[in-house]
Amino acid sequence: MNTHSIPSIQQDGSSLLEALVAILIFSIGIIGLMGLQAVSIKNSSDAKYRADAAYAANQIIGQMWVDRANIDNYATGGTGAACSIGTASTAANVSNWLSQISNLLPGAVATKQQIMVTSPLTNTKLVKVTICWQGPQDTTAHNFVTTAQINTN
């Protein structure tokens, strides 16, 4: 009887190929996690800037509530689109507030901040505060807008 043996297939190097594929998959996962970390850091800093802007807007509105007799002096004269170049106020309270904003938010130029004071009703002032800033890596400006109605009686 004649028996023929089937030659065995050599699998030299298959372990190395499997290891390289595993390293590739692991590397893609790590790169994805690094991208998520970068986006998370950017979103966290954006949230901090928005919170700081809200605090600053509430601060100037609080000053206006206390100083109701001089509320018209708080207007910065900016009536154009948000974050457009206007004129900075010369009132002492507003000047101090504008310098605080410049120190608090990146790219917050004093001439881009707007405080508009209008009188929609008798003995009532409508105050609209717009705070603009631009982060270090941002291509466009961000803004925070808040309004308050202050009774002048």
Side-chain angles (χ1 to χ4, degrees), residues 13 15-153:
S15 297
L16 180 62
L17 186 59
E18 289 175 1
L20 288 174
V21 169
I23 290 172
L24 175 69
I25 292 170
F26 180 75
S27 298
I28 290 172
I30 292 297
I31 289 171
L33 286 175
M34 287 173 32
L36 286 174
Q37 182 69 22
V39 169
S40 174
I41 290 170
K42 183 185 180 317
N43 288 340
S44 176
S45 64
D46 286 347
K48 182 203 178 299
Y49 296 148
R50 282 191 305 274
D52 289 346
Y55 171 75
N58 286 333
Q59 182 182 25
I60 194 68
I61 288 173
Q63 284 181 356
M64 294 169 89
W65 276 74
V66 171
D67 191 17
R68 293 179 193 174
N70 299 317
I71 197 167
D72 290 326
N73 295 334
Y74 284 84
T76 58
T79 57
C83 302
S84 63
I85 299 294
T87 57
S89 176
T90 57
N93 287 340
V94 179
S95 296
N96 293 337
W97 178 75
L98 289 172
S99 66
Q100 287 177 353
I101 288 180
S102 296
N103 295 332
L104 189 63
L105 296 170
V109 181
T111 56
K112 289 188 176 184
Q113 314 310 321
Q114 295 177 351
I115 301 174
M116 297 170 60
V117 179
T118 57
S119 297
L121 302 170
T122 306
N123 299 327
T124 301
K125 298 289 184 176
L126 184 65
V127 177
K128 180 180 177 184
V129 178
T130 304
I131 299 177
C132 300
W133 72 94
Q134 187 168 351
Q137 303 296 325
D138 295 334
T139 56
T140 59
H142 300 275
N143 64 13
F144 176 83
V145 180
T146 187
T147 58
Q149 189 171 346
I150 301 174
N151 189 347
T152 56
N153 284 340

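These figures come from a predicted structure and were not determined experimentally.
Gln37 has its side chain out of reach of Leu33: every pair of non-hydrogen atoms, C-beta onward, lies at least 4.5 Å apart. Side-chain contact check for Thr130 versus Phe144: every heavy-atom pair is 4.5 Å or farther apart. With contacts defined as side-chain heavy-atom distances shorter than 4.5 Å, the pair Tyr74/Asp67 qualifies. Between Val145 and Lys128, the closest side-chain pair of non-hydrogen atoms falls below 4.5 Å. Asn143 has its side chain out of reach of Ile131: every pair of non-hydrogen atoms, C-beta onward, lies at least 4.5 Å apart. Side-chain contact between Ile115 and Ile60 is present, with at least one heavy-atom pair separated by less than 4.5 Å. When side chains are defined from C-beta on, Leu121 counts as touching Gln149, because their heavy atoms get closer than 4.5 Å.
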Check the pair Thr124 / Ile150 against side chain to side chain contact (heavy atoms under 4.5 Å, CB included), numbers first and verdict last. CA-CA 6 Å; Thr124 301; Ile150 301 174; over 6 Å; no
Take Tyr55 and Arg50 through the test side chain to side chain contact (heavy atoms under 4.5 Å, CB included) and record every step on the way to the result. CA-CA 9 Å; Tyr55 171 75; Arg50 282 191 305 274; over 6 Å; no
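One N or O on the side chain of Ser102 and one on the backbone of Leu98 form a donor-acceptor pair closer than 3.5 Å. Remark: the backbone N or O of Cys132 is paired with a side-chain donor or acceptor of Gln113 at under 3.5 angstrom. The closest donor-acceptor contact from the side chain of Gln63 to the backbone of Gln59 lies at 3.5 Å or more, if one exists at all. The backbone N or O of Ala56 sits less than 3.5 Å from a side-chain atom of Trp97, completing a donor-acceptor pair. Side-chain atoms of Thr152 come within 3.5 Å of backbone atoms of Asn123 as a donor-acceptor pair (strictly under, hydrogens ignored). Side-chain atoms of Asp138 do not come within 3.5 Å of backbone N or O of Thr140 as any donor-acceptor pair. Formation of a donor-acceptor pair under 3.5 Å by the Ser27 side chain with backbone atoms of Ile23 is found in this model. Within the 3.5 Å criterion, the main-chain N or O of Lys125 finds no donor-acceptor partner in the side chain of Ser119.
Taking each heavy atom of Met64 and Ile71 in turn, the nearest pair found is CE-CG1, 3.7 Å. Taking each heavy atom of Asn73 and Val94 in turn, the nearest pair found is O-CG2, 4.5 Å. When all heavy atoms of Leu105 and Tyr49 are compared, the closest pair comes out as CD2-O, 3.5 Å.
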